[in-house]
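What follows is a single structure, written as structure tokens, with notes after it.
We count ligands from 1, going down the list as the structure has it; atoms in each ligand are counted the same way. Keep in mind the model is a prediction, meaning the values are calculated, not measured.
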Amino acid sequence: MRIKDTQCIIDFAPLKAGEYSFLFTLDGELFKENHYEDIHDANLKVIIEFNKNSRIMMFNFTIDGTVNVTCDRCGDDFNLPVYLQKQLIVKTDGREHQEEDDMVTLATGEKDIDIAPYVYQYVVLSLPMQKLHPPEKDGTRNCNPEVLKKLKNIEVEKSSDEQYIINSNKRFSHEEEKPKKKTT
Ligand SMILES: [Zn+2]
């Protein structure tokens, strides 16, 4: 397996007991190398805080920044703000390396952890179903006005088509509503 370029290694083994905080900055390469094409670029600050006090550590992730995506409404690219907090339980001295939902067990001998795959997963899963230019203070979105003008025209045409379909459906449903003769 090719080692990925984007790595955020936390070398926890030599650390003494106590609280730690690590800061990483990630760019769009994380998404490019995982072939995730919805994100074209990124500028993310990742803070990992944990307390090394036992063989079970709680990694607190704070991911803050932007990802560049395409607006589903106007088709322009824009920077979507990302802010999320996640927790990952990191167990050490396991018999073998194991990954579950919010927990990773490291085998004895694993002395560091690459948190880049977790950041990738958290960010991708946090994306909304519909990616839209964020609203301004007055509630309007910063969409490309030229595209919106064209969209408006299409919507007008579509709504008259839809009206026709609704009308014809009504006609059909009326026909079906006629009382049926009893067959008994
Ligand atoms: Zn837009």
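Partners of Asn34 under the side chain to side chain donor-acceptor pair (under 3.5 Å) rule, at least two apart in sequence or in another chain, are Lys4. Considering only residues two or more places apart in sequence or on other chains, Asp76 meets the side chain to side chain donor-acceptor pair (under 3.5 Å) condition with Asn144. With sequence neighbours left out, Gln121 forms a side chain to side chain donor-acceptor pair (under 3.5 Å) with no residue at all.
Residues Glu37 and His35 bring no donor and acceptor atom of their side chains to less than 3.5 Å of each other.
Protein N/O/S atoms found under 2.8 Å from the Zn ion (ligand 1), listed by chain and residue number: Cys71 SG, Cys74 SG, His133 ND1, Cys143 SG.
At most 12 heavy atoms of other shown residues, nucleotides or ligands fall within 6.0 angstrom of atom NZ in Lys86. Atom NZ of Lys91 is surrounded by 12 or fewer heavy atoms from other residues, nucleotides or ligands within 6.0 Å.
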